[in-house]
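Every chain is numbered from 1 and lettered A, B, ... according to where its sequence line falls, protein lines coming before strand lines.
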Amino acid sequence: MKTFYITTPIYYINGKPSIGHAYTAIAADILARYHRMLGEEVMFQTGTDENSQKNVEAAKERDVKEYLDEMAALWERTFDSLGLTHNRFIRTTEVAHYNSVEKFWKTVESKGDIYLGSYEGLYCQGCEAFVNESDLVDDQCPHHKKVPKTIKENNYFFRLTKYRDDLLAYIDEHPDFIQPEARRNEVLSYVRNFMTDISISRETMNWGIPVPGDEKHRVYVWFDALINYLSGVGYVDDTTAFEKWWPANLHLVGKDIIKFHCALWPAMLMSAGLPLPKNVFAHGFFTIDGQKMSKSLGNTVDPVEMAEKYGNDVLRYFLFREIPFGGDGDFSEARLVGRYNTDLANELGNLVNRVLTMTEKYTNGTVPEVADGFLAGAWPSYHLALEENRLSDALDIVWGLIRQANQFIDQQQPWQLAKLEEKKMLNDTLYVLLETLRHIAWMLYPFMPTTAEKMFVQLGLETPKEFSQSFESAWVWGELKSGHKLAKGEPLFPRKE
RNA sequence: CGCGGGGUAGAGCAGCCUGGCAGCUCGUCUGGCUCAUAACCAGAAGGUCACCGGUUCAAAUCCGGUCCCCGCAACCA
């Protein structure tokens with residue numbers, strides 16, 4: 001069976017999930033559901049990044065492990081309540097991950113790619129962090145109005161630059177490796193002109209994974225975090241699983257962490273002698289009502305609140321219809337309500353409602369004889385869009401069908417056909433509409449699973465049975481059998497005022 | 001000259017790679033329809049494609065320059 005391994009980044013859990021975190025996870029869920037629909041075996045992994053010093057600060061007075069357990073549970077609960085279908089929720093404090101990092105470190109070390117060096121930088125005691133010279137105002141840290149001290153620290157370094165040529169060659173030979181294209185150019189420029197060896201240990205930290213053989217150092221959190229993609233699928237403890245799932249098909253990331261995933265990570269894998277992921281896709285960021293999302297502005301959006309207010313499906317629909325995947329966008333509750341009323345209530349919900357009402361009136365709620373319809377190229381373009389991670393394009397295709405169906409009703413005027421007793425034409429019209437609704441439900445399933453299920457139920461289909469059949473048979477025309485009884489229900493999306 | 005994205009109708013965006021009548025959704029206006037959730041369908045108005053210059057029979061698109069907005073910038077998650 002064909003497999004599909006998709007990941008989200010692992011998240012820092014020094015706060016609760018924001019709409020931005022949910023965005024990546026929902027995108028991964030849509031693609032995971034789509035690939036399951038195609039009959040592939042899917043591994044969808046997400047999780048938490050727990051070895052950062054930030055977590056210690058966030059825990060404050062409390063026991064760090066206890067704090068992390070609580071927060072990880074909160075995140076997992078949140079993802080569950082958003083209806084995500086991840087089948088692996090990894091935590092980097094898991095024993096298996098510690099062992100993975102140790103094995104990975106030793107492998108890379110044995111290749112001669114780790115060396116001891118020193119890192120020198122400007123350290124601001126107020127920030128408790130290194131600062132950039134370019135950030136200073138009058139040689140002072142702008143936040144604390146203090147002159148930072150020059151600190152020198154011994155660190156282990158990873159020979160990233162050793163892989164510069166291999167990376168460039170790989171990216172060149174695999175044009176689909178980094179998407180969208182604009183990000184590939186950004187990475188190429190970085191690898192070519194700016195990439196240096198990178199420090200992968202910290203001497204000053206007291207939280208994190210100890211460096212094998214030199215326990216007073218802790219592994220740099222990024223070096224540790226990236227390895228989660230291996231530990232989750234059995235890198236140290238399950239060779240069969242590891243061979244089945246690795247390399248990953250798709251790492252979904254935010255545009256801010258593209259360099260880590262497209263330069264550092266592939267170089268790490270090259271060093272360890274492992275194959276590279278097939279595709280890294282970076283999505284954009286969004287602003288909230290045109291403003292940058294920020295805690296200090298207090299304009300953060302809680303995905304759970306949104307989902308409770310409008311429903312998971314509506315939130316999913318809005319995020320992936322409104323914002324072209326890969327680009328930046330704007331989140332606005334007013335526009336979400338706008339999309340709800342026009343796209344969901346007026347176009348989709350009303351279409352389902354009017355078709356089912358007419359079928360009740362004119363054929364007693366029974367599916368008429370099979371007739372030819374107008375799907376045309378909808379499925380091929382839908383598949384192509386999803387294959388290329390063009391999520392909003394896939395939805396555009398579905399809405400194209402919805403509009404065609406609404407137009408078809410006006411052209412055919414079934415109410416006239418009924419009056420004139422044009423039985424054949426009336427039945428054909430209704431069949432085409434009903435069968436089109438079945439296809440629309442299938443296409444919507446990865447994006448709006450609950451809505452798709454409701455549509456199947458209203459079409460009188462049994463949901464579990466519908467999902468157990470092979471997808472190839474589901475998307476041929478004419479699967480809705482004549483004589484079948486419909487089960488019209490409440491409108492899918494009542495208008496909101 | 002740090003890196004990247006952007007400036008197209010009242011709002012939000014696509015088109016640019018590969019030049020060929022400027023397109024989509026919302027909103028506005030007019031008409032049609034009555035199966036439907038005041039929903040649906042048809043049509044109309046509305047743009048100096050940020051600005052300047054160049055290439056070309058032809059530029060939103062290619063080239064050079066200018067202005068403006070936004071994100072990122074190695075211990076930031």
Nearest nucleotide by nearest heavy atom, which residue falls closer to the 5' end of RNA chain B, A/Val355 or A/Asn406?
-> A/Val355
Nearest nucleotide by nearest heavy atom, which residue falls closer to the 5' end of RNA chain B, A/Arg403 or A/Lys361?
-> A/Arg403
Ring centre gap for A/Phe325 and A/Phe281 strictly below 6.0 Å = yes
What about A/Tyr23 and A/Phe320, are their ring centers closer than 6.0 Å?
-> yes
[atom1] gap between [N] and [M], integer Å:
N     : M     : atom1 : answer
B/G47 : B/A60 : C1'   : 12 Å
B/A22 : B/A59 : C1'   : 12 Å
B/C24 : B/C51 : C1'   : 27 Å
B/G54 : B/U25 : P     : 37 Å
B/C35 : B/C26 : C1'   : 26 Å
B/C21 : B/A58 : P     : 15 Å
B/G64 : B/C3  : P     : 15 Å
B/G10 : B/G4  : C1'   : 30 Å

Within the pair [X] and [N], is there a side-chain N or O less than 4.0 Å away from OP1 or OP2?
X        : N     : answer
A/Gln416 : B/U34 : yes
A/Lys259 : B/C3  : no
A/Arg495 : B/A39 : yes
A/Asn353 : B/A39 : no

Examine distances only and state if a side-chain atom of [X] and a backbone atom of [Y] form a donor-acceptor pair shorter than 3.5 Å.
X        : Y        : value
A/Tyr190 : A/Lys259 : no
A/Asn155 : A/Ser201 : yes
A/Tyr229 : A/Gln45  : no

Length of the [atom1]-[atom2] vector between [X] and [N], whole Å:
X        : N     : atom1 : atom2 : answer
A/Phe285 : B/C72 : CZ    : P     : 7 Å
A/Leu395 : B/A14 : CG    : P     : 16 Å
A/Phe318 : B/C13 : CZ    : P     : 11 Å
A/Glu490 : B/A36 : CD    : P     : 15 Å
A/Ile323 : B/C70 : CD1   : C1'   : 15 Å
A/Arg183 : B/G4  : CZ    : P     : 10 Å
A/Asp396 : B/G12 : CG    : C1'   : 13 Å
A/Arg339 : B/C26 : CZ    : P     : 8 Å

Applying ring-ring contact (aromatic ring centres under 6.0 Å, His included) between A/Tyr317 and each of A/Trp399, A/Tyr340, A/Phe493, report the one that passes.
-> A/Trp399
Watson-Crick or G-U wobble partner for [N], using a 3.5 Å limit on both distances?
N     : value
B/A50 : B/U66
B/G71 : B/C3
B/U55 : none
B/G43 : B/C29
B/G19 : none

Per [X] side chain, nearest of listed nucleotides [options]:
X        : options             : answer
A/Thr357 : B/U34, B/C3, B/A36  : B/A36
A/Ala345 : B/G27, B/A36, B/U37 : B/U37
A/Pro491 : B/U37, B/A36, B/U25 : B/U37
A/Thr342 : B/G4, B/G27, B/C33  : B/G27
A/Gln407 : B/A42, B/C33, B/U37 : B/A42
A/Tyr220 : B/C35, B/A74, B/G27 : B/A74

Applying a 4.0 Å non-hydrogen cut-off, can you work out what [X] is touching in the nucleic acid: base, sugar-phosphate, or nothing?
X        : value
A/Trp399 : nothing
A/Asp256 : base
A/Gly349 : base
A/Leu351 : nothing
A/Phe260 : base
A/Leu356 : nothing
A/Tyr190 : nothing
A/Pro414 : nothing
A/Ser332 : nothing

Donor/acceptor link under 3.5 angstrom from A/Thr196 side chain onto base of B/A74 = yes
Does any donor-acceptor pair link the side chain of A/Asn350 with the base of B/A39 at a separation under 3.5 Å?
-> no
Check the surroundings of atom NZ in A/Lys65: do more than 12 heavy atoms from other residues, nucleotides or ligands lie under 6.0 Å from it?
-> yes
Verify the neighbour count for atom CD of A/Glu215: are there more than 12 heavy atoms of other residues, nucleotides or ligands below 6.0 Å?
-> yes
Does a side-chain N-to-carboxylate-O contact under 4.0 Å join A/Asp197 and A/Lys162?
-> no
